[in-house]
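Below is one structure, written out as structure tokens, with a few remarks after it.
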12 protein chains.
Amino acid sequence: MSYGESRVYKKVEVIGTSEKSVEGAIQSAVDRAKSSLEKLSWFEVQEVRGHISDDGKVTEYQVVLKIAFELS
Amino acid sequence: MSYGESRVYKKVEVIGTSEKSVEGAIQSAVDRAKSSLEKLSWFEVQEVRGHISDDGKVTEYQVVLKIAFELS
Amino acid sequence: MSYGESRVYKKVEVIGTSEKSVEGAIQSAVDRAKSSLEKLSWFEVQEVRGHISDDGKVTEYQVVLKIAFELS
Amino acid sequence: MSYGESRVYKKVEVIGTSEKSVEGAIQSAVDRAKSSLEKLSWFEVQEVRGHISDDGKVTEYQVVLKIAFELS
Amino acid sequence: MSYGESRVYKKVEVIGTSEKSVEGAIQSAVDRAKSSLEKLSWFEVQEVRGHISDDGKVTEYQVVLKIAFELS
Amino acid sequence: MSYGESRVYKKVEVIGTSEKSVEGAIQSAVDRAKSSLEKLSWFEVQEVRGHISDDGKVTEYQVVLKIAFELS
Amino acid sequence: MSYGESRVYKKVEVIGTSEKSVEGAIQSAVDRAKSSLEKLSWFEVQEVRGHISDDGKVTEYQVVLKIAFELS
Amino acid sequence: MSYGESRVYKKVEVIGTSEKSVEGAIQSAVDRAKSSLEKLSWFEVQEVRGHISDDGKVTEYQVVLKIAFELS
Amino acid sequence: MSYGESRVYKKVEVIGTSEKSVEGAIQSAVDRAKSSLEKLSWFEVQEVRGHISDDGKVTEYQVVLKIAFELS
Amino acid sequence: MSYGESRVYKKVEVIGTSEKSVEGAIQSAVDRAKSSLEKLSWFEVQEVRGHISDDGKVTEYQVVLKIAFELS
Amino acid sequence: MSYGESRVYKKVEVIGTSEKSVEGAIQSAVDRAKSSLEKLSWFEVQEVRGHISDDGKVTEYQVVLKIAFELS
Amino acid sequence: MSYGESRVYKKVEVIGTSEKSVEGAIQSAVDRAKSSLEKLSWFEVQEVRGHISDDGKVTEYQVVLKIAFELS
């Protein structure tokens, strides 16, 4: 990539989930995006949320993120 | 659905319109999304706007909303 | 177009780049969107950023914008 | 109206009230604006609030909105 | 109530739901608050969201609101 | 005033200044608004800023506020 | 207090009023919170508003603030 | 102008348009404001938007801005 | 739980701390909330902050979060 | 100073404290900035916070502000 | 530069001015930053403002931006 | 430290990176700040972003944070 040549990126908003961690939820969303999009480039976290089970444990992290990829 | 299994959602941003009400504009956007997407799950209102006619009547509600659906 | 008939719009988020100007980066993003979408209607600037080269020149404007188009 | 000719709009911020609904409060604000301004064009909702009476009923919706009109 | 005497209010954040409308969800939250708090005074809408059923209908409006009441 | 009757308010945005204090700057803006508007009802502070003189003293508080008044 | 030991704080949102000043309204809200909560620790101002009397005087400052206290 | 004397400013929100550029749209709004207001002092850009024609060209920049002027 | 039946949730704002991680601070806040509230349902992260010790180590993560629970 | 000549300003973010008042905390931050920076020009308040002592008194106002100065 | 190696960047907030254009004001701020900082990397526009002269012309664009540079 | 004595803090905005985790990126930024600044006191996370490699892995977390330190 070199700056100054005209490139165009698109951002999509996805929500990944993980039982373990914020990082796990991010990777889970990126994995899914990877399966249908090419040239993924960066992500930006929008919100971190999660589910609490009946016994008071955080059983799921939900991360809302934007994923940017280059349009070819 | 059960929490803890890895799921990924996507959000799209759409604008629905209605002559009648905010709720009508939301349903209108959801109807259109339903025609091309599966597993719609929830919506989040971003903005409520509208058109005013020459005789000072609100003739259209325009609701900007995000619609989330599960990626399979 | 006439107000009061139910229409639905979608917004996509894209990033255009230009060596020259903010307006150039906007047009660049719109051009790319035009190649795959119909009925583009308006855009909204979200962020203006850019790259600075080693000799301290702004060599690229990067404009994050939302582009709205009517769903038919 | 045609795009590309120079037009200028002004926005004013008003608060409409209604016993019945959000839509009623919007129309109430637009009605009042109509009585002193011409060429009203669109509105944007800023806040939705309301009054609760002593017996726990929502007796008034208060909608803060911006109303835009063309300056001639 | 008269202005200038020292009063203190508290706000609590609640989420009301309704099958029908935004207004219904607001009243539902206020009703519940009324059952345990006195001197409810006003509300402020924070977010409007909702659930979409499998057949693409909005089956629930969820309104996040703050409810203010006077502390005696 | 009684809730439930339809009233409409307008908000204007003004900036008051004072050598002394934030409160002084607010009152200064309200005084000026009072000279041309009737039925002033409340204000909302938007920003607090100020000028610093060459010898490092805050010589002016500038408060941006919205002033609401009832339209009759 | 020592950092590193697990502590949990709660924040409540209250509105204090004063005829005199922003600081007076803050102290008024803190005084009331003190009467029912222990271990108050800090506050964060959310909004500054106020009432304007018929003769154009600011007769009440209303400060919306969050008050944090340690849960034991 | 000298700091420390009590001055009061008002801000109005206007939208200027231009076929050419963001700067053109700003000047267009300022020109119109100048025709009915005195002592214009500064502007603040709130939003940059625009219209896209059927053939995918940006044919109009729309800049929402606040214009401040001193009240005499 | 089934959508469409009227439910009401409340959100409280708490701050959890942990020497180890963001996730630890979240769980710590949820644990404390669990000890006095029932039917905890989800959380939303508001802010991530932390303490830095004299030797430049992050010795405490502080996570401000909202915890939602169903009112019965 | 005259408009139209190219000037460049820098903003730094500082937090001033005072036992007495918001204004005192602002001046305290400006005093400290003055001791190491020249040509201080204006400030913008970002946040107002404070400490509450064990007996429920506000014993410290903490004002987060940006201070701007001209680069020569 | 290669991703994955630990790098640290700093952002400073500066305001550039230009008689001509938004782009001119950005380059003016970057030029000044370049004279005292190395490895400038990117900028992010925060605000666009400007001065209006007595005869209603925009005589100065003022762009508040953050400039990021790598710390070595 | 004791509250009530006048102290002044400064905040700087830095971006730390890590291949591993959000916490790693925070510590990396704090480590670098520690090498040139004294009396680091706390940090506040502003944004969490990251790089995605060609094979769809998150290879770098980038955390934008503010670091506060006491000015002596």
Side-chain angles (χ1 to χ4, degrees), chain A residues 1-53 56-72, chain L residues 1-4 7-72:
Chain A
M1 189 204 95
S2 65
Y3 291 108
E5 288 172 43
S6 181
R7 287 155 295 121
V8 176
Y9 292 88
K10 186 175 176 183
K11 288 190 199 177
V12 289
E13 191 168 15
V14 291
I15 304 171
T17 60
S18 162
E19 287 174 60
K20 296 286 176 42
S21 64
V22 170
E23 287 83 355
I26 293 170
Q27 186 61 59
S28 144
V30 170
D31 284 348
R32 182 58 187 78
K34 177 70 187 165
S35 74
S36 56
L37 296 169
E38 298 196 19
K39 293 189 172 176
L40 301 186
S41 186
W42 79 88
F43 68 88
E44 304 164 11
V45 172
Q46 305 287 298
E47 286 176 72
V48 175
R49 309 166 51 103
H51 180 72
I52 304 171
S53 67
K57 293 298 156 205
V58 174
T59 50
E60 187 176 88
Y61 294 92
Q62 300 154 347
V63 179
V64 183
L65 65 170
K66 293 197 177 170
I67 296 181
F69 56 98
E70 194 177 343
L71 292 170
S72 44
Chain L
M1 190 203 92
S2 66
Y3 291 108
R7 287 155 297 121
V8 177
Y9 292 87
K10 186 176 176 182
K11 288 190 200 176
V12 289
E13 190 167 16
V14 291
I15 303 171
T17 61
S18 161
E19 287 174 60
K20 298 283 176 40
S21 64
V22 170
E23 286 83 353
I26 293 170
Q27 185 62 58
S28 147
V30 171
D31 283 349
R32 181 59 186 79
K34 177 69 186 166
S35 74
S36 56
L37 296 169
E38 298 197 18
K39 292 188 169 175
L40 301 185
S41 186
W42 79 88
F43 68 88
E44 305 165 10
V45 172
Q46 305 288 297
E47 288 174 72
V48 175
R49 311 166 52 102
H51 179 73
I52 304 171
S53 67
D54 287 347
D55 60 345
K57 293 299 156 201
V58 174
T59 50
E60 186 176 89
Y61 295 92
Q62 300 155 346
V63 179
V64 183
L65 66 169
K66 292 196 178 173
I67 296 181
F69 56 98
E70 193 176 343
L71 291 171
S72 45

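No hydrogens, no waters, no symmetry mates; every other heavy atom, side chains included, goes into these values. Fair warning: this is a prediction, and the values are worked out from it, not measured in the lab. So you know, we letter chains A, B, ... as the sequences are listed, proteins then strands, and number each from 1.
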Practice task
I would like to know whether A:Phe69 and L:Ile52 meet side-chain contact (heavy atoms from CB on, under 4.5 Å); could you show each step before the answer?
Solution key: CA-CA 9 Å; A:Phe69 56 98; L:Ile52 304 171; over 6 Å; no
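- Side-chain atoms of A:Glu23 come within 3.5 Å of backbone N or O of L:Val22 as a donor-acceptor pair.
- L:Arg49 approaches A:Trp42 most closely through the heavy-atom pair NH2-NE1, 3.6 Å.
- Judged by distance alone, with hydrogens and angles left aside, the side-chain atoms of A:Glu38 form no donor-acceptor pair with the main-chain N or O of L:Asp54 at under 3.5 Å.
- For chain L, the nearby part of A:Ile67 is the side chain; its heavy atoms alone come within less than 4.5 Å.
- Heavy atoms closer than 4.5 Å to chain A are found in both the backbone and the side chain of L:Lys57.
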